[in-house]
Amino acid sequence: MRFSEIFIPTLREAPAEAEAVSHVLMLRAGYVRQLASGLYIYLPLAQKVMQRINKIIREEMDAIGAQEITMPALHPADIWQKTGRWSAIGDEMFRLKDRGKREMCLGMTHEEIVTWLASMEISSYRNLPQIWYQIQSKFRDEERPKSGILRTREFTMKDSYSFDRDEKGLEENYQKHARAYHNIFNRCGLKFYQVESDPGMMGGAGAHEFMAPSPVGEDTVVLCRECGYSANTELARSTPHAHHIEEEWKLEDISTPQKRTVTEVSGFLKINPQFFIKSLLLIGTDGPFLALVRGDQELHEKKLHKLVGDFRAAEKAEIKEILGVEAGFIGPYGNTLKKIADISLKEGVYIAGANKEGFHTKGINPHIHFDAEWHDIHTAKEGDRCHKCGTEIQVEKMIEIGNIFKLGTKYSEPLNAVYLDENGKEVPIIMGSYGIGPARIAAAAVEQNHDKDGIIWPQSIAPYDVEVIPLNIDDADVKSTAEILYTALKESGIEALLDDRDARPGIKFKDADLIGIPWQVIIGKKTLQEGFVELKSRRTKETEKIAPPDVAEKIRELLVN
RNA sequence: CGGGGCGUGGCGCAGCCCGGUAGCGCGCCUGCUUUGGGAGCAGGAUGCCGGAGGUUCGAAUCCUCUCGCCCCGACCA
């Protein structure tokens, strides 16, 4: 393609609204433009990148036997009503009515639709297993779209769905997807991790996320370099590092006037927060109970929710009523409330509220002074130890680029997607659902591959393989060499962008670096008189002199590796 | 849903407090010169100052309402 014939509106300065590096660069390099909050237009270069990403996705999906289909983006409400998600999902779903006043929505995902299809068409175990996938638009009325194309209200997603007779089949298809995803993200040149994740409202038995490390990521992931444990902090387990005090603490109430929070009391007594018990009075479905975590830890509400179901924080008046003292002085010692304590409190001696206005109790020994159910209910953080091998864990921000879910029968049961087994017995289909965000692959690739001058695309998903840059097209030799090389490259099956603009060298260099095509062939008058052109790596900026006839061959070699 | 910020030529911004002819840089157009890292000179075009009301002789500027966008937190199927 010729630069003069492709629309690449580069910007010298970054628009003020962009914050994330990938957003700034994709705007500046002329890849995308914003239509409205969370709605983006993909310009020609971005379109090329997306096509290359989607090609890789299709190849790997096809390789595991997945079959591409296309489902509507516009859905009738009744199917969503049958699974309960019509009401379970709130404002995040775009809803509308058709001319007949029938309720409709724009699909946020396609479990309902694909399960409806399965319920209509699959009747026998002979029809199973199946994997169906599509690359389709999804709509989510995000409360806060952000970071350019990372979190938008309309986006394309590769979503696939597996249908099996039993758990064993599901497990096979789940692992097939995991392998396909590894191939896809590796081929796209991303650094990524497969981590355990919370199935959330997708429901079901198990889930993993594929995460690309980046400071603009919205998820936090716990990693153990030693044993490989990796999990989203929304469920990650860890063992907070145990601390021991030298001196013996005897059980005593100490005066802590007006000191309520752990930070205040810890500062007042000059004792580290890890020797405190943070006591939270919560109201569950069976009444009030205390949740206890170590002073330097945070309660993980999702973990607690899994243990006890719905709960809420007690109000001020309730605390006074139940414990006879105001928040800030409550503690586990000296009451018979049900207690759920974090495992980090199992050992050691602690200070906690004395359930007495203005006092804390020092010397509380968990096994002697109170009973509790022991669980991991803290939020894993940097410095904690791996719960599997004891190594210090690391915590990193990451972009979610894909996920895989074991759904089980969550959708097949309500939508009556069943098959008859060999015995003529009706059995619900076991399902899995698997997503990839192609735009997030692109954004993550830019986040992970850029420098001060612009984007550095991984070869496989770059909009073009090579950019040919004649520095002065007024020079007949330079111009004709560029044309000859451009043609030769094309004939070798290499996708080339020829900067045929009548522009100064500086502009061409700057634009080329911004756009980020991995190889540049620079044709300058002086070097050409010596019989050479230059081949430059966008990433390393290293330059090699090559005779023009050898260029196509050399680049083909580079692309293979 | 809480908190903060911003809307002025295509882009980045100043002007707003203290009301009085709408400015700067970049980009764009024309000509000449230039050509290895965003050129120089000369000339030129482009603004319902987000929108609606109000105050005033007069509003980009003051007041009220509204719409949009961004950031932090919460949420995220």
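Labels below follow one simple rule: chain letters A, B, ... track the order of the sequence lines, proteins then strands, and each chain is numbered from 1.
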Under the salt bridge (charged side-chain N to carboxylate O under 4.0 Å, His left out) test, which residues partner A:D499, sequence neighbours left out? A:R501
Side chain proximity check, A:I429 to A:T409, heavy atoms < 4.5 angstrom: no
Using whole Å, what does the distance between atom P of nucleotide B:G36 and atom CG of A:D502 come to? 13 Å
To the nearest Å, how far apart are A:I41 CD1 and B:G10 P? 16 Å
Please report, rounded to the nearest Å, how far the C1' atom of B:G37 is from the CD atom of A:E467. 14 Å
A:Q136 and A:M157: CA distance, side-chain angles, deciding distance, side-chain contact (heavy atoms from CB on, under 4.5 Å) verdict: CA-CA 6 Å; A:Q136 235 293 29; A:M157 183 169 163; over 6 Å; no
So, A:D310 versus A:H305: side-chain donor-acceptor pair below 3.5 Å or not? yes
Is there a side-chain contact between A:E382 and A:Q394, using heavy atoms and a 4.5 Å cut-off? yes
Assigned partner base of B:G47, Watson-Crick or wobble definition, under 3.5 Å: none
With C1' as the reference atom in both, quote the distance from B:G25 to B:G4 in angstrom, rounded to an integer. 29 Å
What are the two closest non-hydrogen atoms of A:R85 and A:Y411, and how far apart are they? CZ-OH, 3.1 Å
Taking the side chain as C-beta and beyond, is there a heavy-atom pair between A:Y434 and A:Y181 under 4.5 Å? yes
Any-strand Watson-Crick or G-U partner of B:U30, both distances under 3.5 Å: B:A42
What string of B, S and - do you get for nucleotides 41-50 of chain B, 5' to 3', if B is base contact, S is sugar-phosphate-only contact and - is no contact with any protein heavy atom under 4.0 Å? ----------
5′-ward residue of the pair A:T10/A:E234 relative to RNA chain B: A:T10
Determine, step by step, whether A:E68 and A:K158 satisfy the salt bridge (charged side-chain N to carboxylate O under 4.0 Å, His left out) criterion, reporting the C-alpha distance in whole Å, the side-chain angles of both residues, the deciding distance to 0.1 Å, and the verdict. CA-CA 10 Å; A:E68 185 167 5; A:K158 186 291 298 178; over 6 Å; no
Taking only the C1' atom of each, what is the distance from B:A60 to B:G9 in whole angstrom? 14 Å
Taking all atoms of both residues into account, what is the closest heavy-atom pair of A:L45 and A:Y464, and its distance? CD2-CE1, 3.9 Å
Rounded to the Å, how far apart are A:L471 CG and B:G38 C1'? 14 Å
Applying the 3.5 Å cut-off to both distances, the Watson-Crick or G-U partner of B:C1 turns out to be B:G73
Side-chain heavy atoms of A:H23 within contact of A:Y40, under 4.5 Å: yes
Of all the heavy-atom pairs spanning A:M211 and A:I401, show the shortest one and how long it is. N-CG1, 4.3 Å
Which nucleotide in B:G36, B:C75, B:U34 has an atom nearest any side-chain atom of A:R504: B:U34
Check the distance between B:U35's P and A:I473's CD1 and give it to me in whole angstrom. 15 Å
Short heteroatom pairs, N/O only, protein and nucleotides 26-32 of chain B, under 3.5 Å:
residue: B:C26; atom: O3'; partner: A:R12; partner atom: NH2; Å: 3.4
residue: B:C26; atom: O2'; partner: A:R12; partner atom: NE; Å: 3.0
residue: B:G27; atom: OP1; partner: A:R12; partner atom: NH2; Å: 3.3

Say we look at B:U8 and B:A52: how far apart would their P atoms be, to the nearest angstrom? 16 Å
Contact class for A:R33 (heavy atom, under 4.0 Å): base, sugar-phosphate, or nothing? nothing
Nearest atoms (heavy-atom pairs only) where A:E447 meets A:A20: OE2-CB, 3.8 Å
Same-atom distance (P) from B:C63 to B:G27, integer angstrom: 38 Å
Which heavy atom in A:V24 sits nearest to a heavy atom in A:E19, and how many Å separate them? CG2-O, 4.0 Å
Please check if any side-chain donor atom of A:K397 sits under 3.5 Å from a side-chain acceptor atom of A:T220, or the reverse. yes
Watson-Crick or G-U wobble mate for B:G68, both contacts under 3.5 Å: B:C6
Going by atom types only, do A:H110 and A:Q134 share a side-chain donor-acceptor pair under 3.5 Å? yes
Just to be sure I understand the geometry, which residues of residues 530-551 of chain A put a non-hydrogen atom under 4.0 Å away from RNA chain B? A:E534, A:K536
Tell me which residues in residues 507-520 of chain A put a heavy atom below 4.0 Å from RNA chain B, sorted by number, or none. A:I507, A:F509, A:K510, A:D511, A:D513, A:L514
Using every non-hydrogen atom in the two residues, find where A:C105 and A:W86 come nearest and quote the distance to one decimal. CB-CZ3, 3.7 Å
Whole angstrom value for the distance that separates P of B:U35 from NZ of A:K526: 10 Å
Are a donor atom and an acceptor atom from the side chains of A:H177 and A:S162 found within less than 3.5 Å of each other? no
Using the P atom as the point on both nucleotides, what is the distance between B:G47 and B:G23, in whole Å? 13 Å
Strictly by modelled atom types, are A:E209 and A:N232 linked by a side-chain donor-acceptor pair under 3.5 Å? yes
What does nucleotides 65-73 of chain B look like as a protein-contact string, B for base, S for sugar-phosphate only, - for none, at under 4.0 angstrom between heavy atoms? ----SSBB-
Between atom CD in A:E143 and atom C1' in B:A74, what is the gap in whole Å? 8 Å
Using the P atom as the point on both nucleotides, what is the distance between B:C49 and B:U61, in whole Å? 10 Å
Side chains of A:S238 and A:H378: do they bring a donor and an acceptor to under 3.5 Å? yes
More 5' along RNA chain B: A:P15 or A:G506, using each one's nearest nucleotide? A:P15
When rounded to the nearest Å, what value does the distance between P atoms of B:U55 and B:U64 take? 15 Å
Considering only the C1' atoms, how many Å lie between B:U21 and B:A59, rounded to the nearest integer? 14 Å
Is B:A59 paired to anything, Watson-Crick or G-U wobble with both distances less than 3.5 Å, and if yes, which nucleotide? none
Between P of B:C13 and CG of A:L11, the distance in whole Å: 12 Å
When both hydrogen-bonding distances must be under 3.5 Å and the geometry is Watson-Crick or G-U wobble, what is B:G37 paired with, if anything? none
